[in-house]
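Notes follow once the structure below has been shown.
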Amino acid sequence: MTKYLIKGNEAIAEAAIRAGLEAYFGYPITPQTEVLEHMAKRMPELGRAFVQAESEVAAINMVYGAACAGKRVMTSSSSPGISLMQEGLSYIAATEVPCVIVDVMRGGPGLGNIAPSQADYFQMVKMAGHGDFRPIVLAPATVQEAIDLTTLAFDLADKYRTIATLLLDGNLGQMMEPAELPPMQPVRTTPPDWAVGGAVGRKKRTLTSIHLQPEEEEAFNRKLQDKLATIVQNEVRHKEYMLEGAELFVVGFGTSGRVAQTAVKLARQQGIPVGLLRPISLFPFPEERLSALADEARGFLVIEMNAGQMLDDVKIAVGGQCPVEFYGRMGGMVPLPDEVLAAIAKLDQATARVRQPLAARP
Amino acid sequence: MTTQPGEQLVYQRPEAMSEVYTHYCPGCTHGIAHRLVAEVIDELGIREKTVGVAPVGCSVFAYNYFECDFVVAAHGRAPAMATGLKRVLPDRVVFTYQGDGDLASIGLAEIMHAALRGENITVIFINNAIYGMTGGQMAPTTLPGMKTTSSPNGRDVESSGFPIRMSELLAQMDGATYVARRSLHNPTEVRKAKKAIKQAFENQIHGFGFSMVELLSSCPTNWDVTPAEALKFIETQMLPVYPLGDYKSIKS
């Protein structure tokens, strides 16, 4: 297969098109604008829908409309724009229509800056607007992975009639790497059996998020939670690196996971028994695997480009079995391998005599 | 409906209307507006290719009363949702049905830009100068001096601003092809309203672009008057602020 030297944002856009995307609605915001620009050129060429919306609020509601028609649809934005989309995400979730959202995170809070950050972990993984719901969140660490996860996101969104999101930082969006693109998939010709589009020879359909009776709303919420439970059971994805003989475990996603991988390699060269677990799906979170590793671990180190958000989920998985330390940079700063290495060495010393391996315990 | 020999059927429920009771208050003109839209859908033979977009407000349940596919938008976002639908279903008929809080306050950006883009959709805009669903608060269309639960001493334009005239505003948008204001306060005006609604749907079928019909409507419950007084209120109080007419009509 041909390899292209391609920018993360453009790679995601082209991968979405090749996954059979039929409509894109977006609004310019750095550092994801190349997604919008790529769509502006390619979608009309292919006779597919593209609209530059008047705001992120409008963009997500256009997505909502096209999703109700059962079309493959997406939008992309960056942190402040995703904040504006939270309203639409909640409605889309409650209507159970599929769509793909890309968040290329930047420094915050507020207007912040356009430098890479991972501070939207809470915003994407824990919330997606008001009400009890969580979207599927996939976090690539390379341009190739961004391409592959874009394809997967559309499939998962359709499979579970849910929102699938790609969560990456500005680094990955702006970085060029050699990568392969998948072949062009045909656009779906038959709409799903729940979509609206004209009641021809059938009863009318209504897609709504309103359930005025509390009993009905609770029943609907239970159904949503059951679906999320199925997703947790089936769709956990992560990568492991140098886990053999490891007593210390670094956990990082996306770019910080990639930096951590270099640091783990350097630490191994110094004889520190450390490995890396890089979650790819942030929801569902690889909780079970982390929990199993915690049984025999001396300690965990969480690396993030925020103040410690995924840290909470790692702590839940570890369940107090051993120390969980954190090293993070904020505001658009990226941790360097040396900094992570120093944090690993510190954890190694601090936990040196804390815990014997399970086998050696009386 | 069956007719007996010698009987002539002159009035019946449109096919596009569901056979159910509505939740609307007695004297509310939503029922008339719904019926007019349903009659037009019947007459144009488009029931099976129409998708409606309901708003947030009293007409959030509009989908219960029409025999066509429907979606329900977030507050004010119906034109954006309709844009999404129409762009992927260009051969279907897409209409929004929105109240004044929905369209003229929280959804102002969405309606303006849908008009500017010339989205080929039809918008039915119910202007009753009040927020009905939440219990009678001041709307962007509330008349100066008019009492509401959030302007208990009457709308004071110095602190609460002036009413917005959407038809005049949207007629300025180059992408709009048909913008008209009608009223539902007497049978003559109701007939004129139906003609306007029909033209708005025809415009979409011909692919002309954005069209909107604003309908002056009553809310006896929240205006705290009888249904008859409410119709009088439209005639004497609303008409001077919201003159009827075609504000834009391009047929090509």
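Each chain gets a letter, A, B and so on, in the order the sequences are listed, and its residues count up from 1. Keep in mind that this is a model prediction, so the values were computed, not measured.
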Okay, B:Val51 and chain A: the region with an atom under 4.5 Å from a heavy atom over there is side chain

Pick one of side chain, backbone, both or neither for B:Ala73, based on which atoms fall under 4.5 Å of a heavy atom in chain A.
backbone

Count the heavy atoms belonging to other residues, nucleotides or ligands that lie under 6.0 Å from CG of A:Asp155, then report whether that count exceeds 12.
yes

A quick test of your reading: do over 12 heavy atoms of other residues, nucleotides or ligands sit less than 6.0 Å from OH of A:Tyr27?
no

Please determine, among B:Arg47, B:Lys49, B:Lys86, B:Glu110, the option with the most heavy-atom pairs under 4.5 Å with chain A.
B:Glu110

B:Leu116 meets the side-chain contact (heavy atoms from CB on, under 4.5 Å) criterion, sequence neighbours left out, with B:His113, B:Met173

Per side-chain contact (heavy atoms from CB on, under 4.5 Å), B:Val71 is matched among A:Thr206, A:Thr208, A:Val97, A:Val196 by A:Val196

Check whether any side-chain N or O of A:Lys204 sits under 3.5 Å from a backbone N or O of B:Phe70 as a donor-acceptor pair, and report yes or no.
no

Assess the residue pair A:Glu54 and B:Met112 against the criterion (side chain to side chain contact (heavy atoms under 4.5 Å, CB included)); give the C-alpha distance rounded to whole Å, side-chain angles, the decisive distance to 0.1 Å, and a yes or no.
CA-CA 10 Å; A:Glu54 60 270 28; B:Met112 297 259 299; over 6 Å; no

Residue by residue, scan residues 56-92 of chain A and write down, ordered by number, those that have a heavy-atom distance under 4.5 Å to chain B; if none do, write 'none'.
A:Val57, A:Ala58, A:Asn61, A:Met62, A:Tyr64, A:Gly65, A:Ala66, A:Cys68, A:Ala69, A:Lys71, A:Glu87, A:Tyr91

Quick one: list whatever passes side-chain contact (heavy atoms from CB on, under 4.5 Å) with B:Thr134, sequence neighbours left out.
B:Tyr131, B:Gln137

Who in residues 29-40 of chain A is close to chain B, using a strict under-4.5 Å heavy-atom cut-off?
none

For B:Glu48 and A:Val200, the nearest pair of non-hydrogen atoms, with its separation, is O-CG2, 3.2 Å

Are there over 12 heavy-atom neighbours, none belonging to A:Glu217, within less than 6.0 Å of that residue's CD?
yes

Side chain from CB out, backbone as N, CA, C, O: work out which of these in B:Val60 comes under 4.5 Å of a heavy atom of chain A, or both, or neither.
side chain

Evaluate whether atom CD of B:Glu19 has more than 12 neighbouring non-hydrogen atoms of other residues, nucleotides or ligands under 6.0 angstrom away.
no

Part of B:Asn64 within contact of chain A (heavy atom distance under 4.5 Å)
backbone

Around atom NZ of A:Lys223, are there more than 12 heavy atoms from other residues, nucleotides or ligands closer than 6.0 Å?
no

Contact origin within B:Arg92 toward chain A - heavy atom pairs under 4.5 Å:
side chain

Under a 4.0 Å threshold between the charged nitrogen and the carboxylate oxygen, would A:Arg202 count as salt-bridged to B:Asp69?
yes

Is there a side-chain contact between B:Phe61 and A:Ile210 in this structure, where contact means two heavy atoms from C-beta onward sitting under 4.5 Å apart?
yes

Tell me, out of B:Gly107, B:Gly84, B:Pro79, who's got the most heavy-atom pairs with chain A below 4.5 Å.
B:Gly84

